[in-house]
Protein chains: 2
Amino acid sequence: MATPDPQTPEPQTPDPQRPGFLLPLLLLAGFRTLIDDLHAELARQGHPELRPLHGFVLQAVGATGTTATELGQQLGVSKQAAGKTVDRLVALDYLERVDDPHDARRKLVRLTPHGLDGLHRSAVIFDELRQRWVAALGAERVAALEDDLRTVTPANWFRLDVPGWFAS
Amino acid sequence: MATPDPQTPEPQTPDPQRPGFLLPLLLLAGFRTLIDDLHAELARQGHPELRPLHGFVLQAVGATGTTATELGQQLGVSKQAAGKTVDRLVALDYLERVDDPHDARRKLVRLTPHGLDGLHRSAVIFDELRQRWVAALGAERVAALEDDLRTVTPANWFRLDVPGWFAS
DNA sequence: TATTTTAGTCAACGTGATTGACCAAACCGT
DNA sequence: ACGGTTTGGTCAATCACGTTGACTAAAATA
């Protein structure tokens, strides 16, 4: 229990329950529940090592493959950071590197069969989770929520630098 | 530009635009825009070093102060992690440590005047940002969005381990 | 009083990000 | 065709944030 300090009067702090504080917390909570539920289910389906970050990377690699530099640009991080993340996903057998036959500098990053499996399962699970929201809130409310978020956020961003962005 | 690999056919990947994929992205985007706008404005108002993480810590410390251990429990991280974060905020003059007169083991963590200023400005800015959403969407839609998120997320969570949670 | 619990710190380590430096391959202008 | 510039990948150093384990000192308890 907090022991109030007798020497100084308590300063006036803003009410933690004010609406301005709650809105971002609710958005983060929504994101986290979805991602947590996804990865709990993915772990059950044979992908326990997949982290939230990894899912976004797999999706960014996609069907055509990319390079570390392109990946970094797409995800908003440096090419070195993207390269390191690719290294880890290669070690986990989600990605593979192959030489680009057209450009000896480039190393194409591609999904392995295991990575493709994880991506497909993620898609199915995400759809199921959204259906759960629809069941709880109604299709209209979910659609409204999505529309509204699209309205107030800059179009189409997809940045992966969450850890660094959030912390420092 | 992506150079397609001629040796293997492109694997079938799920459509990145499917609704299940978009929902979490929209929630994250909403959270990020709010926090980004907040910190852009905070930087303008004399708090350029404040990071998203820091704001949550300041709020958790609040009027009464805490200890590193309590902070860790409240934010869902270890006491050591909480202590390190406090160290950084002490170095930035947002927090101070004082000895607890009732318990020589405890070191109370309190807001400095500078920290209190940052917290107050955050509250005002957050309320303004929410008002901007109300102006764009209507008060009813924003309230519906908040209600819906409350419905589908576990009550009242407030965990600070975002970097580690997201990455690994 | 002796033992256990609790608060805080130190150390070692893992992960993700950064910047700067560097090499080799590709591109391009003369 | 050659030589300078751009580009892709990697290495190294540094920082932020998290973890667990070990340790000290003070408080609580039996």
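Residue numbering restarts at 1 for every chain, and letters A, B, ... go by the order of the sequence lines.
For the pair A:Ala104 and A:Thr85, nearest-nucleotide mapping onto DNA chain C gives the more 5' position to A:Thr85.
Note on A:Ala81: a base of the nucleic acid sits closer than 4.0 angstrom, heavy atoms only.
Out of C:dA26, C:dT18, D:dG18, the shortest distance to the side chain of A:Val77 is found at C:dT18. When each of D:dT10, D:dT19, D:dA27 is scored by its nearest atom to the side-chain atoms of A:Lys107, the top-ranked nucleotide is D:dT10. The side chain of B:Lys79 lies closest to C:dG8, out of D:dG18, C:dG8, D:dA26. Checking C:dA26, D:dG9, C:dT6 against the side-chain heavy atoms of B:Arg105 singles out C:dT6 as nearest.
Taking atom CZ of residue A:Arg51 and atom P of nucleotide D:dT19, one finds them 12 Å apart after rounding to whole Å. Note: CZ (A:Phe56) to P (C:dG16) measures 14 Å, nearest angstrom. Distance, A:Leu108 CG to D:dT7 P: 18 Å, rounded to whole Å. The separation between B:Leu53 atom CG and C:dA17 atom P is 16 Å, rounded to whole Å. For A:Lys84 and C:dT19, the NZ to C1' distance is 11 Å, given to the nearest whole Å. Rounded to whole angstrom, the span from the CD atom of B:Gln73 across to the P atom of D:dG18 amounts to 16 Å. As rounded to whole Å, 6 Å separates atom P of D:dA28 from atom CG of B:Asp103. Summarising the geometry, the separation between NE2 on A:His102 and P on C:dA26 is reported as 12 Å, rounded to the nearest angstrom.
An end-to-end axis angle of 10° holds for the helix from C:dT1-D:dA30 to C:dT30-D:dA1, taken from five base pairs per end and rounded to 10°.
Within 3.5 Å, a donor on the side chain of A:Gln80 pairs with an acceptor on the base of C:dG20, or the reverse.
To the nearest 0.5 Å, atoms CG (B:Leu89) and CD (B:Glu96) are separated by 12.5 Å. Here CG of A:Leu116 is found 11.0 Å from CG of A:Leu95. Values are rounded to the nearest 0.5 Å.
The side chain of B:Thr69 contributes an N or O atom lying less than 4.0 Å from OP1 or OP2 of C:dG8. In this model, the phosphate group of C:dT9 is not approached by any side-chain N or O of B:Arg106 to a distance below 4.0 Å at OP1 or OP2. Of the side-chain N and O atoms in A:Thr67, one or more sit less than 4.0 angstrom from OP1 or OP2 of D:dG9. The side chain of A:Arg97 contributes an N or O atom lying less than 4.0 Å from OP1 or OP2 of D:dT10. The phosphate of D:dT19 (OP1 or OP2) has a side-chain N or O of B:Ser78 nearer than 4.0 angstrom. Proximity of A:Arg88 to the phosphate of C:dG16: a side-chain N or O atom is located under 4.0 Å from OP1 or OP2.
For the side-chain contact (heavy atoms from CB on, under 4.5 Å) with A:His47, the qualifying choice from A:His114, A:His54, A:His39 is A:His114, the only one to do so.
Taking every heavy atom of both residues into account, A:Ala63 and B:Thr13 meet most closely at CB-OG1, 3.2 Å.
Note on B:Leu22 and A:Val134: separate hydrophobic clusters, where clusters join Ile, Leu, Val, Met, Phe, Trp and Tyr whose side-chain heavy atoms are under 4.5 Å apart, directly or indirectly.
Side-chain atoms of B:Gln74 and B:Glu70 include no donor-acceptor pair closer than 3.5 Å.
Checked for salt-bridge contact, A:Arg88 and A:Glu49 miss the test: no charged N lies under 4.0 Å from a carboxylate O.
Legend: residues meeting salt bridge (charged side-chain N to carboxylate O under 4.0 Å, His left out) with A:Asp93, ordered by chain and number and at least two apart, are absent.
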